[in-house]
Amino acid sequence: MTRSRAYKSNDQAWVEQKNGMLVRRVVAHRRLEGAQQLERLCQLYAALRLFTNIYQPSAKRIPFEEGDIREGRRPRRRHDEPLTPPDRLLRWSGMGRKGRQRIEALQHQCDPVVLLETIRHNQAALVIGEREPGHRRES
């Protein structure tokens, strides 16, 4: 659980930063209503989670050291090579055999093209505003 910092009324939790980066970029700030749209949203989040965590590489910051090159007063930020989260876990020496097998099975099981199709299909369905059959849209 994360909280905002003490005495900072405009400070949101770190989860909101991630929502702005990923969820809001994909879903936007639409109002969603009904069980059908909830189901679409759940399918979208499931595919988005797998696509982001399996196929999108990220570069981790390397901590500053005493001899780092400086740009003005601050040391220059350094990053390691971009790796996907499963690749980073598989390189970790503390990963057990069963964990490696589960990650490798998940990588082989997921297809990035199918995940992207699922994401785009559910995004389009949310934009169109599919609702339950008995629900009428007020004009």
Side-chain angles (χ1 to χ4, degrees):
M1 184 169 127
T2 58
R3 305 181 328 160
S4 59
R5 295 179 293 177
Y7 305 108
K8 303 284 185 182
S9 62
N10 63 346
D11 191 38
Q12 296 297 318
W14 296 297
V15 174
E16 285 298 318
Q17 293 174 357
K18 285 291 188 181
N19 281 343
M21 184 194 81
L22 190 64
V23 174
R24 295 290 178 222
R25 190 179 301 167
V26 173
V27 180
H29 293 275
R30 290 185 188 88
R31 181 183 174 102
L32 304 174
E33 297 174 348
Q36 178 110 16
Q37 286 197 335
L38 177 63
E39 182 64 30
R40 291 283 187 192
L41 193 62
C42 290
Q43 291 172 4
L44 176 68
Y45 284 166
L48 185 64
R49 178 186 65 85
L50 288 173
F51 184 77
T52 302
N53 290 327
I54 294 176
Y55 296 108
Q56 287 190 342
S58 61
K60 297 290 181 183
R61 288 267 315 268
I62 297 174
F64 294 125
E65 294 177 3
E66 192 64 34
D68 281 347
I69 299 171
R70 294 190 172 268
E71 293 177 354
R73 293 181 62 193
R74 294 184 178 190
R76 187 168 61 188
R77 292 181 179 160
R78 296 182 307 148
H79 296 83
D80 65 353
E81 63 177 306
L83 290 173
T84 61
D87 291 338
R88 202 172 293 280
L89 277 173
L90 292 173
R91 283 189 175 187
W92 181 47
S93 60
M95 176 63 70
R97 185 177 52 83
K98 287 184 179 180
R100 286 185 189 281
Q101 290 173 347
R102 286 177 50 199
I103 290 173
E104 289 169 351
L106 186 61
Q107 282 181 314
H108 291 298
Q109 181 181 5
C110 293
D111 181 14
V113 174
V114 173
L115 288 173
L116 279 175
E117 284 178 4
T118 304
I119 291 169
R120 290 182 181 138
H121 174 72
N122 286 310
Q123 277 179 319
L126 288 172
V127 169
I128 292 170
E130 290 182 356
R131 294 220 166 38
E132 294 176 4
H135 184 75
R136 287 188 182 167
R137 196 172 197 180
E138 296 177 16
S139 305

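These figures come from a predicted structure and were not determined experimentally.
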Check: In Å and rounded to the nearest 0.5 Å, what is the CG to CZ distance from Asp111 to Phe51?
Finding: 10.5 Å

Kindly give the heavy-atom pair with the smallest separation between [X] and [Y], and that separation in Å.
X      : Y      : answer
Arg78  : Pro63  : NH2-O, 3.6 Å
Cys110 : Leu50  : SG-CD1, 4.1 Å
Ala47  : Ile119 : CB-CG1, 3.8 Å
Asn122 : Gln43  : OD1-OE1, 3.1 Å

Check: Should Leu41 and Leu126 be marked as a side chain to side chain contact (heavy atoms under 4.5 Å, CB included) after you check the CA-CA gap, both sets of side-chain angles, and the distance that decides it?
Finding: CA-CA 8 Å; Leu41 193 62; Leu126 288 172; 4.0 Å; yes

Check: Does Arg91 pair with Glu81 as a salt bridge, N-O distance under 4.0 Å?
Finding: yes

Non-hydrogen side-chain atoms of [X] and [Y] separated by less than 4.5 Å:
X     : Y      : result
Tyr55 : Leu115 : yes
Leu48 : Val26  : yes
Pro57 : Leu83  : no

Note to self: Could you check whether any side-chain N or O of Glu39 sits under 3.5 Å from a backbone N or O of Ala35, counting only pairs where one atom can act as donor and the other as acceptor?
What the structure shows: no

Check: Taking Arg88 for the side chain and Ser58 for the main chain, is one N or O donor matched with an acceptor at less than 3.5 Å?
Finding: yes

Could you tabulate the donor-acceptor pairs under 3.5 Å formed by side-chain atoms of residues 93-107, not counting sequence neighbours?
residue	atom	partner	partner atom	Å
Arg100	NH1	Leu90	O	2.4
Arg100	NH2	Leu90	O	3.3
Arg100	NH2	Trp92	O	3.1

Next item on the list: Answer yes if Val114 and Leu44 sit in the same cluster of Ile, Leu, Val, Met, Phe, Trp and Tyr residues linked by side chain heavy atoms under 4.5 Å apart, and no otherwise.
Entry: no

